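All values reported here derive from a predicted model rather than from experimental measurement.
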Amino acid sequence: MPQAGGRGLGKSALLRSAGQKLESQGSPGERVSLYLSLDTVGIRAGSAIGPDAIWNALLRDFTDKGVITPPRRQTRSKSPHEQVRAGVLAWLDADPRRRLLILLDESDRFFESDAPEFFETNRLKELGLTTDGRIKVVFAGLHSVQRYAKSARNGPFSHLAQRPTVIGPLRPQFATNLLTRPLQALGYRFDYDDLVNRILGYCSYQPFLLQMFGSRLIATMHARRSVGVADTEPPYVITRADVVAVESHIDLKADISAAFHDTLHLDPRYNVIANVLAHHAHESGLDARLSDVELREECLDWWHAGFSTLDVEGFRAYLQEMVGLGVLAPNNDGRGWHLRSPNVLRMIGSKDNVITQLVGAATLSVPDEFIALETRAALPDGRRSPLTAGQSDDVLGDHANQVRVVLGSPATGIGDVAKAVRLAADVGDRFTVPPIANRRQFEEELAAGRPGERRVVLTDLVALAPRDEACSAALKAALELRPQQPGVTRSAVIVAGPEQMPLWWEVLGHTGHVPALGTIKLRRYTGQTLRVWALASEKFSVPERLERLLEVTGGWPLLVERAGHLVASGVEEGQALATVAEELATPTDAASFVDAVGITADEQLVTAFNTVLTLVDPGGVTIDDLVAAVALGGDVDAPDIAVAILQALGVFDVDADGMHRPEPLLTRSWPYRA
């Protein structure tokens with residue numbers, strides 16, 4: 001059973017509630033639910049972690065719950081799917097009263113990876129059919145769940161008449177309950193009922209917006225009581241003035257708008273469709289309608305590349321998805337399409353904002369897969385991985401023998417790379433990551449392995465701090481040694497920071513000349529990728545704060561995580577940014593930041609960067625001009641490699657035309673270097 005809806009509509013909470021309800025209906029251990037967020041598995045289209053990895057995760061979790069007994073040696077030769085299927089069927093056969101509910105959240109990327117055959121999805125469906133419904137599987141997600149459930153006419157959802165259960169805005173009574181019951185429990189009541197309706201309309205009946213409004217309302221009421229201008233004993237009466245004060249709060253407006261736009265940005269077409277309808281509403285009134293064809297034609301006018309590949313039927317599918325996301329009103333009467341409510345129009349923005357969005361649509365890429373590749377997994381301590389999803393996939397490899405050298409500095413998170421690689425590889429038993437303590441072990445593991453095994457042989461030179469010759473020896477071994485057993489593939493991963501700078505010169509000098517060798521360079525955040533970080537970490541989601549975060553930190557992950565840590569510890573976002581800016585303004589912290597970037601680890605790089613600051617035009621130059629400038633400055637043995645290292649360290653901002661200029665924060669801090 002597929003279940004879909006926008007962000008913050010309560011899908012995950014509904015899944016967990018359904019699981020708890022099932023388990024409460026029988027004796028302990030008789031009815032079992034398993035909740036699994038597929039985001040934690042790392043499945044993505046085109047990734048080394050394919051859709052079949054779901055069985056590794058299910059095997060692990062069913063084993064933890066005691067549904068499946070840990071596999072014995074003779075059963076380990078079976079695939080994870082075979083082990084899960086045999087295990088759950090045996091568990092059901094032991095007692096006819098047993099039932100199993102599998103709740104799979106964040107399923108979008110799983111479906112994207114499993115399409116178009118839906119092989120693993122059909123395997124999951126088969127579990128329910130084999131057991132006469134004693135096993136039920138529920139998929140929950142965002143737009144992709146709707147899209148694939150409706151489009152797979154001959155696939156795993158055909159028996160559902162292509163109609164997933166859409167979790168959208170709340171019905172009026174449920175929305176009223178969500179707002180009023182918690183407030184009543186705290187001793188608050190509304191002066192009159194229309195105030196409740198006013199808030200429901202303001203929040204468009206969206207649960208996450210109602211919760212944001214309720215939280216701000218409680219804070220407002222507490223503030224009034226603290227200064228003695230409200231009731232001193234319950235029930236505390238919420239007046240119209242209180243509601244207006246919350247509606248007018250600038251932070252709440254910004255947070256609600258940002259949360260709503262998160263839904264629109266799930267797919268760039270959503271944003272264009274919504275803004276076309278908003279423009280039409282500003283011009284002709286909210287109730288004015290556009291037919292499928294009319295709306296598609298207007299979208300084509302604004303972003304031809306984005307909609308030219310969609311026929312009217314495919315375009316209509318997008319509109320239905322947006323109904324499910326709570327953006328559009330359903331076109332049940334056939335009169336045409338319009339926005340769901342005046343408050344949706346308000347959240348999309350003013351007429352000028354709408355025009356700005358539409359004019360900018362022409363620059364969007366189609367299809368937009370950027371977000372999926374630029375996400376960064378959460379580390380156990382809450383910080384984000386220094387590796388993007390695309391880089392993680394590259395590190396793990398795809399059934400091939402390869403060598404990857406990860407280059408970065410403390411400013412870009414090099415110290416967390418080994419942890420991030422192990423986290424990315426921790427998907428059931430799909431990858432083996434043997435422990436490496438020295439060069440001898442590294443060389444032994446490069447040649448080891450069982451038939452059919454996929455290995456990630458990682459040596460973290462940053463942690464080992466080896467001598468220069470040891471770094472070269474590790475690279476030589478990785479390039480020359482191969483697994484001895486047939487069918488074994490391994491990705492040799494060498495992690496190198498500024499202390500291993502001679503290896504940087506060697507590796508970047510080899511670039512393009514050794515097919516098996518690839519470099520992975522840790523990146524600063526850009527404006528677009530920082531927005532991905534903000535969505536994932538649920539911090540700095542308001543555009544103005546996000547712009548300020550980029551300005552203060554320069555996108556350096558070290559500083560971005562510093563700001564995020566301050567917010568997580570309870571510091572308000574504006575104050576967190578002010579604190580980071582004040583720290584970087586001190587000579588000591590500015591010098592520490594420069595050292596963290598890594599240039600000062602090599603005197604030739606210092607010379608090269610000084611030359612760049614002296615000779616490069618502030619408007620930016622091409623890469624060839626950078627190399628020419630460094631060569632002109634003298635005292636650098638290989639100017640082209642020196643510039644390549646500076647690029648790898650992330651010290652340049654690069655615009656759409658390929659023009660390079662030194663990153664401003666580093667430039668300001670450079671005079672304070674030790």
Side-chain angles (χ1 to χ4, degrees), residues 5-10 142-143 168-170 175 178-179 198-217 219-220 243-282 286 322-329 338-361 364 371 527-528 530-551 567 572-574 577:
R7 294 190 183 277
L9 293 176
L142 298 168
H143 60 306
L170 296 174
L178 178 62
L179 176 66
R198 176 174 179 150
I199 296 172
L200 300 186
Y202 184 86
C203 297
S204 297
Y205 295 82
Q206 303 273 19
F208 67 120
L209 301 184
L210 287 169
Q211 290 169 333
M212 292 167 64
F213 194 102
S215 175
R216 179 66 65 179
L217 181 59
T220 298
V243 173
V244 170
V246 175
E247 289 176 349
S248 304
H249 198 286
I250 188 170
D251 287 344
L252 179 67
K253 286 182 176 180
D255 289 342
I256 285 179
S257 179
F260 180 79
H261 279 87
D262 286 347
T263 294
L264 293 185
H265 288 292
L266 290 171
D267 188 303
R269 291 186 178 110
Y270 290 162
N271 194 46
V272 174
I273 292 169
N275 279 281
V276 166
L277 285 171
H279 182 255
H280 196 65
H282 283 303
L286 186 67
M322 295 179 71
V323 172
L325 295 171
V327 179
L328 304 188
H338 64 111
L339 298 175
R340 176 183 173 85
S341 70
N343 289 292
V344 169
L345 177 60
R346 173 180 51 79
M347 287 186 285
I348 292 174
S350 68
K351 185 176 180 179
D352 289 342
N353 289 336
V354 166
I355 292 295
T356 300
Q357 288 287 313
L358 292 174
V359 170
L364 297 174
I371 295 289
Q528 195 169 11
L530 194 58
R531 183 176 179 278
V532 179
W533 175 89
L535 287 172
S537 62
E538 298 182 345
K539 302 179 182 72
F540 298 98
S541 57
V542 176
E544 291 77 11
R545 297 176 197 163
L546 198 59
E547 290 176 8
R548 178 61 178 158
L549 176 65
L550 181 61
E551 179 185 346
V567 173
E572 192 271 329
E573 290 179 354
L577 294 174

Could you state the interatomic distance from CG (Leu345) to NE2 (His279), rounded to the nearest 0.5 Å? 11.5 Å

Where Arg531 and Leu546 come nearest, the two heavy atoms and their spacing: CA-CD2, 3.6 Å

What distance do Leu339 atom CG and Leu277 atom CG have between them, rounded to the nearest 0.5 Å? 5.0 Å

Side-chain (Ser257) to main-chain (Lys253) donor-acceptor, under 3.5 angstrom: no

Would you say the side chain of Leu264 lies within less than 4.5 Å of the side chain of Met347, judging by non-hydrogen atoms? no

Residue from Ile250, Val246, Val244 passing side chain to side chain contact (heavy atoms under 4.5 Å, CB included) with Ser248: Val244

Least distance between heavy atoms, Ala329 atom then Val323 atom: O-CG2, 4.0 Å

Between His249 and Thr220, is any pair of side-chain heavy atoms under 4.5 Å apart? no

Heavy-atom side-chain contact between Phe540 and Leu530 under 4.5 Å: no

For the residue pair Cys203 and Leu209, what are the closest heavy atoms and their distance? O-CD1, 3.4 Å

On a heavy-atom basis, the closest approach of Val272 and Ala361 is CG2-CB, 3.8 Å

State, to 0.1 Å, how close Ala274 and Val327 come at their nearest heavy-atom pair, and which atoms those are. CB-CG1, 4.2 Å

Going by heavy atoms in the side chains, are Glu551 and Leu577 under 4.5 Å from each other? no

Counting only heavy atoms not in Glu538, do more than 12 fall under 6.0 Å of its CD? no

Evaluate side-chain contact (heavy atoms from CB on, under 4.5 Å) for Ile348 paired with His282, printing each intermediate quantity in order. CA-CA 11 Å; Ile348 292 174; His282 283 303; over 6 Å; no

Locate the shortest heavy-atom distance separating Val344 from Arg340; write the atom from each residue and the value. CG2-CB, 4.0 Å

Interatomic distance, Leu210 atom CG to Leu217 atom CG [nearest 0.5 angstrom]: 11.5 Å

Any heavy-atom pair between the side chains of Leu200 and Leu170 that's under 4.5 Å? no

Test item: Tyr202 and Arg346 side chains (from C-beta on) under 4.5 Å apart, heavy atoms: yes

Hey, what do you get for NZ (Lys539) to CZ (Arg545), rounding to the nearest 0.5 Å? 13.5 Å

Can you find a pair of side-chain heavy atoms, one from Pro543 and one from His261, that are under 4.5 Å apart? no

Short side-chain to backbone donor-acceptor contact, Ser215 and Gln211, under 3.5 Å: no

Evaluate the side-chain proximity of Val354 to Lys351: yes if any heavy-atom separation is below 4.5 Å, no if none is. no

